[in-house]
Amino acid sequence: MMEKIQKIIQEALKNLSIDESNFSIEHPDDFKNGDYSTNVAMVCAKSLKTNPKELAEKIKLELEKNLINEISKVETAGPGFINFYLSREFFTESVGEVLNKKENWGKNQILSGKKIMVEYTDPNPFKPFHIGHLMTNAIGESISRIVEFSGAKTVRANYQGDVGPHVAKAIYGIMKMGLPSDGMSIGEKAHYIGKCYTEGSNLYDTDENIKKEIEVINKKVYDKTDGEVNKIYDWGRAITLEAFEEIYKLLGTKFSDGCYFFESIMAPIGEKIVRENVGKVFTESDGAIVFHGGEYDKKLHTRVFINSQGLPTYETKEIGLTVTKFEKENPDLSIVVTATEQAEYMKVVQKAISLIHGDYESRMNHITHGMMRFASGKMSSRKGNVITGESLLHDSMDMVLEKMKEREMGDEEKNKISEVVGVSALKYSILKSSLGSDIIYDPLKSVSFEGDSGPYLQYTSVRANSILNKAKDFNTDDKKDIPEEVTELEKYIYQFPEVVEHAYEKLEPHHIATYLTELASSFNTFYGNTQILKEENKNALYHLNLIKAFYQTMKNGLWLLGIEIPERM
RNA sequence: CGGAGUGUGGCGCAGCCUGGUAGCGUGUCUGACUUCUGUUCAGAAGGUCGGGGGUUCGAAUCCCUCCACACCGACCA
């Protein structure tokens with residue numbers, strides 16, 4: 001539609017012999033000012049040095065000469081805006097379009113034929129899955145789905161630190177505290193390993209002798225010379241990875257085959273590349289191999305890539321990872337999602353990589369997000385433990401279950417619903433804000449069925465679906481009139497593809513979240529003021545189609561956020 | 001000190017790219033209906049958009065500067 005309006009404006013300008021193409025068309029903030037609005041008169045008035053209001057009137061008259069039937073009227077307003085009002089026919093057709101396209105409604109082909117790799121989550125074996133991982137996962141999954149909706153083939157990648165001091169600390173902890181009992185579930189064993197890590201980590205910081213012991217273990221983890229260390233390592237790595245899989249399943253993420261990358265593999269690959277480029281890209285300094293980013297861009301730091309003990313740092317592993325990704329999958333774009341604390345270091349690493357592989361430079365994109373903070377101040381989970389991503393997720397599901405106590409349905413169904421709704425509460429809390437800032441997580445508000453929350457969006461959708469189910473026994477034969485007036489609901493629905501496109505351009509999921517909340521709210525207004533399944537309602541057929549279109553839009557939109565709609569709530 | 005973020009009604013946020021005179025949710029106050037899932041609907045009050053300066057007919061939006069908060073800044077990731 002935007003294109004059509006642009007075209008008729010250009011024609012009108014041509015007829016008025018005005019040469020200008022640098023105008024914008026957008027949706028006014030308020031529906032009172034039409035469905036689309038353009039600043040063309042104000043832009044032209046500047047260069048022509050005429051009164052924008054008069055020029056707007058002139059253009060308006062020209063536009064009215066051959067108006068397309070999707071537009072019912074054109075008006076001038078304010079300092080020189082031209083507002084377009086879409087016609088009944090347009091909205092009726094757009095509802096039909098949604099019903100036709102179904103799960104494809106809102107998709108576009110901007111990235112058709114492109115392969116995009118998204119790396120996200122990145123938890124570390126032997127350590128708990130924490131809140132940051134939860135955030136990165138929610139964002140990465142949503143970004144993956146947004147690019148997928150824009151026509152790209154998406155590859156989901158995960159990068160995990162299976163070597164390094166944290167592993168040695170955990171192994172020391174396990175050696176000290178013993179193996180867990182066989183009766184434990186995978187999740188419980190992983191939790192136990194997390195506790196061992198904390199124990200080892202604390203001792204590392206407070207006891208010089210133990211610190212030395214752990215450093216010895218760290219070396220053994222790398223060189224694989226100690227049978228006992230190897231045994232604990234293999235066991236612990238497998239358990240934690242399996243526990244992560246359970247969480248991914250709950251969150252709705254499935255990483256692509258062969259796209260689990262590990263630091264232990266990336267380290268030697270990166271190290272080789274770094275050593276080959278000493279003197280060219282990297283320099284020796286104080287016994288270490290470093291990269292002076294500042295030589296290429298004043299803003300970049302100097303970073304150590306191989307430390308003075310000859311061990312590769314995270315930067316070097318990142319080089320190995322990036323090169324491996326491109327050689328293995330050759331994506332048109334490789335996106336990495338992490339917290340902002342990695343922003344500066346990643347710039348340095350990417351600069352170093354582009355000096356070696358110039359063709360990767362424009363194909364690397366790093367997306368960063370803020371931290372999660374708690375509305376209530378101090379963070380402690382319901383059971384009084386340190387909050388991990390996993391405990392947060394389960395607390396959220398428990399809170400939903402509590403709210404559903406009065407519902408008349410079986411325990412099994414309640415449990416299933418509280419999973420889907422609990423995940424949604426958390427995901428929405430993360431995805432509703434722009435990525436740049438920290439998010440304030442309020443558990444109570446996040447599971448609220450009203451207002452700005454994932455459950456609210458789900459609940460509204462469920463109610464819509466419930467009407468559709470009831471309507472199966474409702475005869476609409478004599479209720480096929482098309483209503484004259486256009487509801488706000490219709491004015492939101494047709495905008496969905498534009499919102500998706502915008503979210504893709506910015507790579508910002510919150511645009512979807514904000515839109516869906518407005519959409520759901522407009523549905524509730526409609527729902528609250530219209531009785532659909534009534535004999536007197538001559539528009540029932542159209543209304544039901546409208547509700548179907550609404551439901552489809554919510555379904556597709558929530559999918560982009562990684563949220564499912566349950567059958568009932 | 002340098003870099004890169006963030007700052008908008010009590011609280012949580014959108015709008016900033018592309019300038020048109022501030023919107024959403026929650027909370028507070030008032031009213032409605034109890035129906036297709038009332039966890040709803042209608043309405044009201046509440047903001048000099050962190051401070052100052054500049055550009056412009058017009059600035060939350062662009063530029064400069066200051067302040068506050070959290071992040072990064074050579075051998076952690």
Side-chain angles (χ1 to χ4, degrees), chain A residues 22-26 28-30 37 39 42-43 45-46 52 77-81 122 124 127 161 164-166 263 285-294 297-315 317-318 338-348 368 370-371 373 375 403 407 429 432-442 445-453 455-456 459-460 462-471 474 505-506 510-511 513-515 517-518 521 524-534 537 543-544 547 568-569:
Chain A
N22 193 24
F23 57 89
S24 69
I25 302 168
E26 51 195 27
D29 294 336
D30 194 327
S37 173
N39 63 354
M42 292 182 291
V43 174
K46 229 171 202 173
F81 283 105
D122 301 0
N124 293 324
K127 280 175 83 171
H166 70 277
E263 281 186 23
S285 173
D286 294 335
I289 297 176
V290 305
F291 173 65
H292 294 298
D297 180 342
K298 264 189 268 179
K299 292 171 183 172
L300 297 179
H301 306 148
T302 291
R303 289 271 180 177
V304 172
F305 279 66
I306 292 176
N307 69 25
S308 48
Q309 288 155 43
L311 290 175
T313 62
Y314 193 63
E315 285 81 346
K317 295 169 189 168
E318 189 70 38
T338 72
T340 47
E341 54 199 12
Q342 309 212 357
E344 300 299 307
Y345 117 90
M346 190 64 99
K347 283 181 198 160
V348 176
T368 63
M371 300 283 226
R373 300 187 187 290
K403 288 175 86 86
R407 289 283 197 276
S429 300
K432 72 169 183 172
S433 306
S434 54
L435 297 181
S437 51
D438 288 351
I439 69 147
I440 311 292
Y441 174 61
D442 185 332
K445 281 188 180 157
S446 84
V447 296
S448 166
F449 283 25
E450 40 188 292
D452 198 15
S453 77
Y456 167 75
Y459 183 66
T460 305
V462 165
R463 292 169 83 201
N465 197 32
S466 155
I467 301 177
L468 296 175
N469 285 333
K470 274 247 156 69
F474 188 75
E505 280 163 8
K506 304 285 169 189
H510 82 277
H511 287 120
T514 306
Y515 166 79
T517 299
E518 287 171 345
S521 160
N524 277 325
T525 303
F526 170 70
Y527 180 93
N529 295 319
T530 321
Q531 299 212 348
I532 294 122
L533 303 180
K534 277 269 173 188
N537 182 11
H543 282 154
L544 286 170
I547 294 170
R568 299 203 290 163
M569 282 176 72

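Below, read A as the first sequence line, B as the second, and so on, with proteins coming before strands; counting in each chain starts at 1. Computed from heavy atoms alone, side chains included, the values below leave out hydrogens, waters and symmetry copies.
Heavy-atom minimum distance, A/A513 versus A/K432: CB-CA, 3.9 Å. Taking each heavy atom of A/G370 and A/T340 in turn, the nearest pair found is N-CG2, 4.4 Å.
OP1 or OP2 of B/rA42 has at least one side-chain nitrogen or oxygen of A/T525 nearer than 4.0 Å. OP1 or OP2 of B/rA14 sits under 4.0 Å from a side-chain N or O of A/S434. At B/rU37, one or more side-chain N or O atoms of A/K470 fall inside 4.0 Å of OP1 or OP2 (strictly under the cut-off). Side-chain nitrogen and oxygen atoms of A/K299 include at least one within less than 4.0 Å of the OP1 or OP2 phosphate oxygen of B/rA4. Between A/K317 and B/rA77 there is a side-chain polar atom (N or O) within less than 4.0 angstrom of OP1 or OP2.
Helical stems in RNA chain B, defined as runs of 3 or more consecutive Watson-Crick or G-U wobble pairs with donor-acceptor distances under 3.5 Å: B:1-3 with B:71-73, B:5-7 with B:67-69, B:10-13 with B:23-26, B:28-32 with B:40-44, B:50-54 with B:62-66.
The local environment of CE in A/M371 is sparse, with at most 12 non-hydrogen atoms from other residues, nucleotides or ligands closer than 6.0 Å.
For the atom pair NZ of A/K470 and CD1 of A/I532, the computed distance is 12.5 Å after rounding to the nearest 0.5 Å.
Donor-acceptor pairing under 3.5 Å is recorded for the side chains of A/T302 and A/H292. Looking only at atom types and distance, the side chain of A/H166 has no donor-acceptor partner in the side chain of A/N124 under 3.5 Å away.
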Protein-nucleotides 62-70 of chain B N/O pairs under 3.5 Å:
from   : atom 1 : to     : atom 2 : distance (Å)
B/rA70 : O2'    : A/R373 : NH2    : 3.0

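When distances are taken from the side chain of A/N529 to each of B/rC75, B/rA42, B/rG27, the shortest belongs to B/rA42.
Separating the C1' atom of B/rC13 from that of B/rA32 is a span of 29 Å, rounded to the nearest Å.
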